[in-house]
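Inspection log for the structure reproduced underneath, given as structure tokens.
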Number of protein chains: 2
Amino acid sequence: MSDTYHHGNLRQALIETGIRVINESGEDALSLRKVAAACNVSHAAPYAHFKDKDELIEAIKRSVTEQFMEELNDAVDSAVDSENAIIDMGKRYISFFLRKPDYYKFLFGRQNIIAHLKIGEETDEDYPPFILLKKTYLKYLKEKGIKKNRKEQGIELLKIWASAHGLAAIACMSGVVPPFDWNEMLEGDDLLR
Amino acid sequence: MSDTYHHGNLRQALIETGIRVINESGEDALSLRKVAAACNVSHAAPYAHFKDKDELIEAIKRSVTEQFMEELNDAVDSAVDSENAIIDMGKRYISFFLRKPDYYKFLFGRQNIIAHLKIGEETDEDYPPFILLKKTYLKYLKEKGIKKNRKEQGIELLKIWASAHGLAAIACMSGVVPPFDWNEMLEGDDLLR
DNA sequence: CTCCAATCTTGACAGTGTAAGGTTATTATA
DNA sequence: TATAATAACCTTACACTGTCAAGATTGGAG
């Protein structure tokens, strides 16, 4: 009947307006019906693209994670060496979520993307930010000529990641920018000791 | 009519069954009506004790935080000195939430208790776990005879807290126990560098 | 004994996720 | 070009949710 019976690109539209809602009012304000309405579509139309609400949320999470990865990739690309790359990744890790606190709660609040992560092993590391950190870290070790065994590497990687993530978490929770000089983290060859 | 018209201690019962629900099925499964039913009470009875659902959730959060504090207090009490107290606090910080991952998501997922935290200042630090950490840390500095100015103290405190919190977060998210030797965090006098 | 405040019940409402089944537009095929 | 198949979308319906208003019940203070 009407010429807009078919939306054309509903799936992407749902994801984008979903992100907008979360960014404006947080995850709690995200309802399938509201998102559908914002896309000028009936409240059950999303089910043509997503099995249920969780599947839409997961798609949105992937999309937000991609935004996050752009930030981290940019840090790596614009750094003069791997050491500065790691430092800048840490800074951006925090500033990204500090700029959008709702993203932090959304990504890490409920069931999240980091599903079956094996730290210190090379299997199943399917969380892109961690993969990038690990890659950069190994390059850093090589650049500096530092020798460490697998376990030591895993622990140090975890320390770096946990510090960044923890600071981001605290920053988002308290709304206070950590007075933290990230450079201190990577001084000398015993970083993060 | 019935001799159980008045529950007697409904408020506490709601909080306790709420905790049980979250512990068993996560925060998403927490509904006022179900909690009320579990207390053998009509679906609107909770409104005599809590303004709305958020107020019940906040009460539950306070209760869970108390459980958490018991753990941390026990760490401090059973430690031989402040250094070991901090180490054990970190271990328990992680093990507590690892034992009950739903608690982590519940406490830190959405709007959380850590509201207006001033790090490095002495006002408004109304988050009990942080207060305890700070107290223990200052005692540690005194025991070791370490001199640091306010800002340095704040940064170091934040590092310790962020590491513990970050590791707990990652552990809960990935379900993997961090292969992290907490003792390394506090070696020497430049801990966490 | 009376009154009152706290507590609980009942009933209603709008908003939610989602299942079932119908409708339209696009694409493939003959 | 005509038709069949499929994917995208719609309508209807239902159970469940949080919340509110109005009234019933109770225990305790005066």
Side-chain angles (χ1 to χ4, degrees), chain A residues 1-63 102 105-106 109-112, chain B residues 1-63 102 105-106 109-112:
Chain A
M1 180 110 64
S2 80
D3 54 19
T4 55
Y5 188 94
H6 282 76
H7 184 284
N9 197 8
L10 183 57
R11 191 192 147 88
Q12 191 57 29
L14 290 169
I15 291 176
E16 281 168 13
T17 67
I19 288 179
R20 188 160 43 78
V21 170
I22 289 170
N23 206 23
E24 284 168 2
S25 326
E27 185 178 359
D28 289 324
L30 185 78
S31 90
L32 272 185
R33 294 172 104 104
K34 258 191 268 180
V35 173
C39 293
N40 295 313
V41 124
S42 86
H43 67 261
Y47 283 84
H49 302 273
F50 301 101
K51 180 179 146 287
D52 55 11
K53 191 186 182 184
D54 283 338
E55 215 170 270
L56 168 61
I57 286 181
E58 218 175 300
I60 295 176
K61 279 202 171 104
R62 258 190 292 274
S63 188
D102 283 325
K105 292 170 197 160
F106 174 61
R110 309 256 172 197
Q111 57 275 42
N112 39 35
Chain B
M1 180 119 58
S2 81
D3 55 63
T4 56
Y5 188 95
H6 281 74
H7 184 285
N9 199 5
L10 182 57
R11 192 193 146 89
Q12 192 57 30
L14 290 168
I15 292 176
E16 281 168 13
T17 66
I19 289 179
R20 189 159 41 78
V21 169
I22 289 169
N23 205 24
E24 285 168 2
S25 327
E27 184 177 0
D28 289 323
L30 185 79
S31 91
L32 272 185
R33 293 174 105 103
K34 256 191 271 181
V35 173
C39 294
N40 295 312
V41 124
S42 85
H43 64 263
Y47 283 85
H49 303 272
F50 302 101
K51 183 178 144 283
D52 55 13
K53 190 187 180 184
D54 283 337
E55 216 171 87
L56 169 60
I57 286 181
E58 217 173 302
I60 295 176
K61 278 202 170 104
R62 257 190 294 272
S63 187
D102 282 325
K105 291 170 197 160
F106 174 61
R110 311 254 170 195
Q111 58 274 40
N112 40 34

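Order of the sequence lines fixes the chain letters, A, B, ..., with proteins taken first and strands second; residue numbering starts at 1 for each chain. Fair warning: this is a prediction, and the values are worked out from it, not measured in the lab. For the numbers below, each heavy atom of this structure counts, side chains included, while hydrogens, waters and symmetry mates do not.
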Nearest heavy-atom approach of A:F106 to A:K61 is O-CE, 3.0 Å
Distance-only donor-acceptor hits, side chain of residues 12-19 of chain A, under 3.5 Å, sequence neighbours excluded:
{"from": "A:Q12", "atom 1": "NE2", "to": "A:E16", "atom 2": "OE2", "distance (Å)": "3.3"}
{"from": "A:T17", "atom 1": "OG1", "to": "A:A13", "atom 2": "O", "distance (Å)": "3.2"}
{"from": "A:T17", "atom 1": "OG1", "to": "A:L14", "atom 2": "O", "distance (Å)": "3.3"}

Restricting to nitrogen or oxygen on both sides, can you table the protein-nucleotides 13-17 of chain C pairs closer than 3.5 Å?
{"from": "C:dT16", "atom 1": "OP1", "to": "A:S31", "atom 2": "OG", "distance (Å)": "3.4"}
{"from": "C:dG17", "atom 1": "OP1", "to": "A:L32", "atom 2": "N", "distance (Å)": "3.1"}
{"from": "C:dG17", "atom 1": "OP1", "to": "A:K53", "atom 2": "NZ", "distance (Å)": "3.2"}
{"from": "C:dG17", "atom 1": "OP2", "to": "A:L32", "atom 2": "N", "distance (Å)": "3.1"}
{"from": "C:dG17", "atom 1": "OP2", "to": "A:R33", "atom 2": "N", "distance (Å)": "3.4"}
{"from": "C:dG17", "atom 1": "N7", "to": "A:R33", "atom 2": "NH1", "distance (Å)": "2.5"}
{"from": "C:dG17", "atom 1": "O6", "to": "A:R33", "atom 2": "NH1", "distance (Å)": "2.9"}

When the distance from NE2 of A:H49 to P of C:dT18 is rounded to whole Å, what number comes out? 16 Å
How close or far is atom C1' of D:dG18 from atom CZ of B:F50, stated in whole angstroms? 15 Å
Can you give each donor-acceptor pair under 3.5 Å made by side-chain atoms of residues 43-53 of chain B, sequence neighbours left out, with the distance rounded to 0.1 Å?
{"from": "B:D52", "atom 1": "OD1", "to": "B:D54", "atom 2": "N", "distance (Å)": "3.4"}
{"from": "B:D52", "atom 1": "OD1", "to": "B:E55", "atom 2": "N", "distance (Å)": "3.1"}
{"from": "B:K53", "atom 1": "NZ", "to": "B:L30", "atom 2": "O", "distance (Å)": "2.9"}

In this structure, how many angstroms lie between the C1' atom of D:dT17 and the CD atom of B:E27, rounded? 15 Å
If I take atom CD in residue B:Q12 and atom P in nucleotide C:dT7, what distance separates them, rounded to the nearest angstrom? 14 Å
Any heavy-atom pair between the side chains of B:E24 and B:D102 that's under 4.5 Å? no
Quick one: B:D28 CG to D:dT17 P, roughly how many Å, whole number? 13 Å
Rounded at 0.5 Å granularity, tell me how far CD1 in A:I60 sits from CD1 in A:I22. 4.5 Å
Among D:dA21, D:dC9, C:dC8, the nucleotide that comes nearest once only the side chain of A:A45 is considered: D:dC9
From the set D:dA21, D:dA8, C:dT7, return the single nucleotide nearest to any side-chain atom of B:A48. C:dT7
Please name all residues satisfying side chain to side chain contact (heavy atoms under 4.5 Å, CB included) with B:S31, sequence neighbours left out, ordered by chain then number. B:R33, B:K34
Which whole-number value in Å describes the distance from B:N40 CG to C:dC8 P? 12 Å
Atom CG of A:N9 to atom P of C:dT26: distance rounded to whole Å? 14 Å
